[in-house]
Every structure is written in structure tokens, then in C-alpha cells.
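Right, one structure below, let's go through it.
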Amino acid sequence: MKRAALYSRISTGDQHLETQLLDLREMAKQRGLEIVREYSDVISGAKSKRPGLDQLMSDARRHRFDILLVSGFDRIARNVRHFLDVLDELRQLNVQFISMRENIDTGGPLGRALLTIIGAIAELERSLITERVKAGMRRAKLEGRRIGRTPLNIDRKQVVEDRRSGISLTKVATKHHISRASVCRLVKEAVATPRVIAQAPQTELSSELETAA
């Protein structure tokens, strides 16, 4: 028996999730599927953050179900691009997708053809994005603009001294308006630097001894 997950979404509290779920449960029963979990969101279709859908995709990556049932395409995605991304990821995870309203089942020949098309479109989109990013970086380089993070404009020595004096990590970060991670990195760099300097005289001495010999 294959494991199935159900996903439902409504835009407002005036609608009822149970209406969608009843139909999906009946479909799962007719197909002899075991429902392992039901996911739902009460949120606008345009919102990017959906706790239910985010959890669903997280469980899909952990292979906790084999089939995903939804009542319609518009329930699962906020736009066409998002829909293609979701279906492409499900395809890569070998999760079968069934939409009741559109009568699409990626386990069948038509559904598999649809997934092939979706995968090709998604790959093309990723290639176009990559090319646009590279073109932007090339243009920025030609224009003399810096690529990447702007260097921290802080007194690095003072940061290290403050931390070594016993001031807490949080207080040092707040004082210099940087993150705690930046404080840790600067302290580690300060610890590593003396070792490199200390090794230099030894190397020169070894070279002189070898020459004398």
C-alpha cells in the first residue's frame, strides 16, 4: 500500500478546509492509498510563506510519503513558476502528484509526459537565471563595481581586545554593530596570524643552516 499525503489550502476563514479534505480522502480510499498525513494552510495564494506546504516539502525530502493529492493546481502554488518548481522537485524525489480537479496523475503516461515538460522548463529557467547572474557579474566587473560583501569597516584589533578582555560575545557584537559570527571569525583570525608570523624566522634560520652546510 502506497503512502499518501493530502494538501489543502483556503484563502480565508470563511471557507472550509474540510470540504477539500473529504474529497481527497475519498479519492485516496478509492485508490487504496494509506493516508500518512494531512497538510493544510489558511492563507492567501499570493503569500510565499506557507507553514503547511513548507512542512510537506520537508517531509517529501525525507521520503515520508509516495504520493501527493491536491484538489487543484491553484491550491498548491502561488504562481506558475512556483508550481513548476514544486512539481519539478517532487519529480526528482519520485513523489507522484495527483490533482483531482485537473485529473492529472503523474503516475500515468500523460502525467509522466507533463513532468518531462515541466522538468525541461524548470531546467531552462535555472539556466537563464544562472546566465543572467553571470552577465550581471561581468557587467559589474567591467564598471569597476565591487562584487560580494562590502568589507567590515570596523576596528578589528579593538574587537579582538574587547573579546579577550572578558566582554561577552553579544556585548562585543552590539558595541561594534556586527554579528556574533563576525566577532568569532575575527578572534580566530587573530589567533591564527601569530602562528604564521612565528614560523617565518624558523624558516629563514633553516635556510641559512642549509646554506652554511
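Both backbone and side-chain heavy atoms feed into the values below; hydrogens, waters and symmetry mates do not.
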Practice problem: Applying side-chain contact (heavy atoms from CB on, under 4.5 Å), run through V95 and F65 and close with a yes or a no. | Solution: CA-CA 7 Å; V95 174; F65 55 85; 3.7 Å; yes

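- Residues I154 and L186 form a side-chain contact, since some pair of their non-hydrogen atoms from C-beta on lies under 4.5 Å apart.
- The closest side-chain heavy-atom distance from D162 to Q158 is below 4.5 Å.
- A salt bridge links R101 to D74: at least one charged side-chain nitrogen sits closer than 4.0 Å to a carboxylate oxygen.
- L90 is listed as a side-chain neighbour of M57, based on a closest heavy-atom distance under 4.5 Å.
- Put simply, the side chain of R3 never gets that close to the backbone of R37: no donor and acceptor are under 3.5 Å apart.
- Proximity of M100 to Q20: side-chain heavy atoms (C-beta onward) are nowhere separated by under 4.5 Å.
- Remark: the backbone N or O of I76 is paired with a side-chain donor or acceptor of R50 at under 3.5 angstrom.
- Comment: D105 engages R31 in a salt bridge, judged by a side-chain N to carboxylate O separation of less than 4.0 angstrom.
- Using a 4.5 Å cut-off on side-chain heavy atoms (C-beta onward), R25 and I35 make contact.
- By the 4.5 Å heavy-atom criterion applied to side chains, I178 and R185 are not counted as neighbours.
- Under a 3.5 Å cut-off, the side chain of R9 and the backbone N or O of D41 do not form any donor-acceptor pair.
- Closest heavy-atom contact between A28 and L69: N-CD2, 3.9 Å.
- If you take CG on D66 and CE on M1, they are separated by 12.0 Å, rounding to the nearest 0.5 Å.
- Hydrophobic clustering (side-chain heavy atoms under 4.5 Å, transitive across Ile, Leu, Val, Met, Phe, Trp, Tyr) groups I167 together with L169.
- Rounding to the nearest 0.5 Å gives a distance of 8.5 Å between OH of Y7 and CZ of R75.
- Between the S99 side chain and the I104 main chain, no donor and acceptor come within less than 3.5 Å of each other.
- Interatomic distance, CG of L21 versus NE2 of H16, reported as 12.5 Å (0.5 Å rounding).
- A side-chain donor-acceptor contact under 3.5 Å links E102 to the backbone of F73.
- Remark: L68 CG to D59 CG distance equals 11.5 Å, nearest 0.5 Å.
- Separating the CZ atom in R61 from the CG atom in L56 is a distance of 9.5 Å, to the nearest 0.5 Å.
- You'll find the side chain of R156 stays beyond 4.5 Å of the side chain of V159, heavy atoms only.
- Taking OG from S58 and CZ from R64, the interatomic distance works out to 7.0 Å, rounded to the nearest 0.5 Å.
- By the side-chain hydrogen bond (donor to acceptor under 3.5 Å, both in side chains) test, S165 pairs with no residue at all, sequence neighbours left out.
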